[in-house]
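Throughout, residue positions are numbered sequentially from 1 according to the sequence presented.
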Amino acid sequence: MGAFYDATELAWEAALGKSTHHGYWDDPGDVSVSLEQAQDRMIDVVGLATGLDAAQRLLDVGCGRGRAALRLAAATGAHAEGVSVSAFQISTATAAAAEAGLAGRVGFQVADVAALPYPDASFDAALLMESACHFEDKTAALREIRRVLVPSGRLVLEDVLTSRGADPGRWAEVNRLIPVSFITSDTWAALLAAEGFTGVSVHDIKAHVRPTYAAQLLNLARNRDDLAQRIGEEPTALMERLCRITSALGEEGIMSVEIITARAPAA
């Protein structure tokens, strides 16, 4: 997975910018809000769900280039750690922390969610922004996240899901292109409950992310020639295909984006 993201980072940037997740529009019809602004708004929305304050510690699992951890640490005064399997992402995030003057409070390292390099009960909250769909073993990942959370610590998962009742066959081409596994919110709730998480709550936000699809297609069209020069024609065409497919799934409601919150066991 790390090699995949190292190899495709420039392609994701061409489509989504420096934050590889959906944007959140309070008013999806407000064309004055850019994708980058909406992506920062998404970080703020999920950040509120973490309930962080200056005395607490956040773990960002699948942190990408570190934008969420840095933004939330700056806003709340909390300490944050981010992990990713991509060495390129961690190098970029570490440089961004230094540039922002936050290296003393925000750190990043290459690590797999199945073997987090932290002692038990190290964090008050764990954030997963569009990373959990990449977990090969979701149960093992939740078990390890539960281990590093304090009792009753908060888990906030924002991710791409498959809508209830959607035909699984509609994902076949996406699954051939990228290593992902999309499940329903009901399945996530069952997995969380099986690992002892309580108070599971699901918030469907697909209406608020919908402008992302047109924005990523526009960005990719605008950046296509430069991207093809940098990574080659074949990978560029693959990214175009992936964006067209996911945009269609999102517009049709086959693909959903939801925020799931839960608490680790009290003891």
Side-chain angles (χ1 to χ4, degrees), residues 1-2 19 21 42-86 89-90 92-94 96-98 100 102-159 188-189 191-203 259-267:
M1 185 63 68
S19 295
H21 58 78
M42 178 70 87
I43 294 170
D44 296 341
V45 169
V46 297
L48 285 174
T50 66
L52 284 174
D53 61 40
Q56 296 183 328
R57 290 175 55 84
L58 170 71
L59 175 63
D60 185 355
V61 181
C63 63
R65 298 184 180 191
R67 192 176 183 97
L70 291 167
R71 185 174 177 86
L72 294 177
T76 64
H79 285 68
E81 292 284 330
V83 296
S84 169
V85 292
S86 166
Q89 290 181 344
I90 292 302
T92 304
T94 301
L102 291 171
R105 283 200 289 117
V106 184
F108 300 97
Q109 60 180 305
V110 176
D112 192 307
V113 66
L116 293 170
Y118 305 107
D120 295 357
S122 293
F123 298 97
D124 300 281
L127 175 64
L128 298 80
M129 290 191 72
E130 300 185 26
S131 58
C133 59
H134 296 284
F135 297 165
E136 293 183 20
D137 187 337
K138 292 175 171 53
T139 294
L142 291 178
R143 187 170 301 143
E144 185 69 346
I145 292 168
R146 182 194 66 191
R147 179 186 68 78
V148 301
L149 282 172
V150 299
S152 299
R154 297 172 298 281
L155 179 146
V156 180
L157 184 155
E158 178 267 320
D159 214 342
W188 270 120
L191 291 174
L192 286 161
E195 290 305 313
F197 286 89
T198 61
V200 178
S201 180
V202 178
H203 308 273
I259 298 173
I260 302 174
T261 58
R263 285 191 176 270

Closest heavy-atom contact between [X] and [Y]?
X: A121; Y: V150; answer: O-CG1, 3.6 Å
X: E81; Y: F108; answer: OE1-N, 4.3 Å
X: D159; Y: E130; answer: OD1-CA, 3.2 Å
X: T261; Y: H203; answer: OG1-NE2, 4.3 Å

Counting C-beta onward and ignoring hydrogens, is there a side-chain heavy-atom pair between [X] and [Y] closer than 4.5 Å?
X: L116; Y: L59; value: yes
X: F123; Y: V61; value: no
X: T139; Y: E195; value: yes
X: I145; Y: L128; value: yes
X: W188; Y: V202; value: no
X: F197; Y: L149; value: yes
X: I90; Y: C63; value: yes

Does the [X] side chain pair with the main chain of [Y], one donor and one acceptor, at a distance under 3.5 Å?
X: R146; Y: P265; result: no
X: R105; Y: G77; result: yes
X: E144; Y: A141; result: no

How long is the straight-line distance from [atom2] of [Y] back to [atom1] of [X], given to the nearest 0.5 Å?
X: H79; Y: L58; atom1: NE2; atom2: CG; result: 12.0 Å
X: R65; Y: T94; atom1: CZ; atom2: OG1; result: 13.0 Å
X: M129; Y: I43; atom1: CE; atom2: CD1; result: 5.5 Å

For E158, the option from L127, I259, I260 that meets side-chain contact (heavy atoms from CB on, under 4.5 Å):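 Answer to the side-chain contact (heavy atoms from CB on, under 4.5 Å) test with E158 among L127, I259, I260: I259.
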
Salt-bridge contact D120-R147 (side-chain N to carboxylate O under 4.0 Å):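 Yes, D120 and R147 are salt-bridged.
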
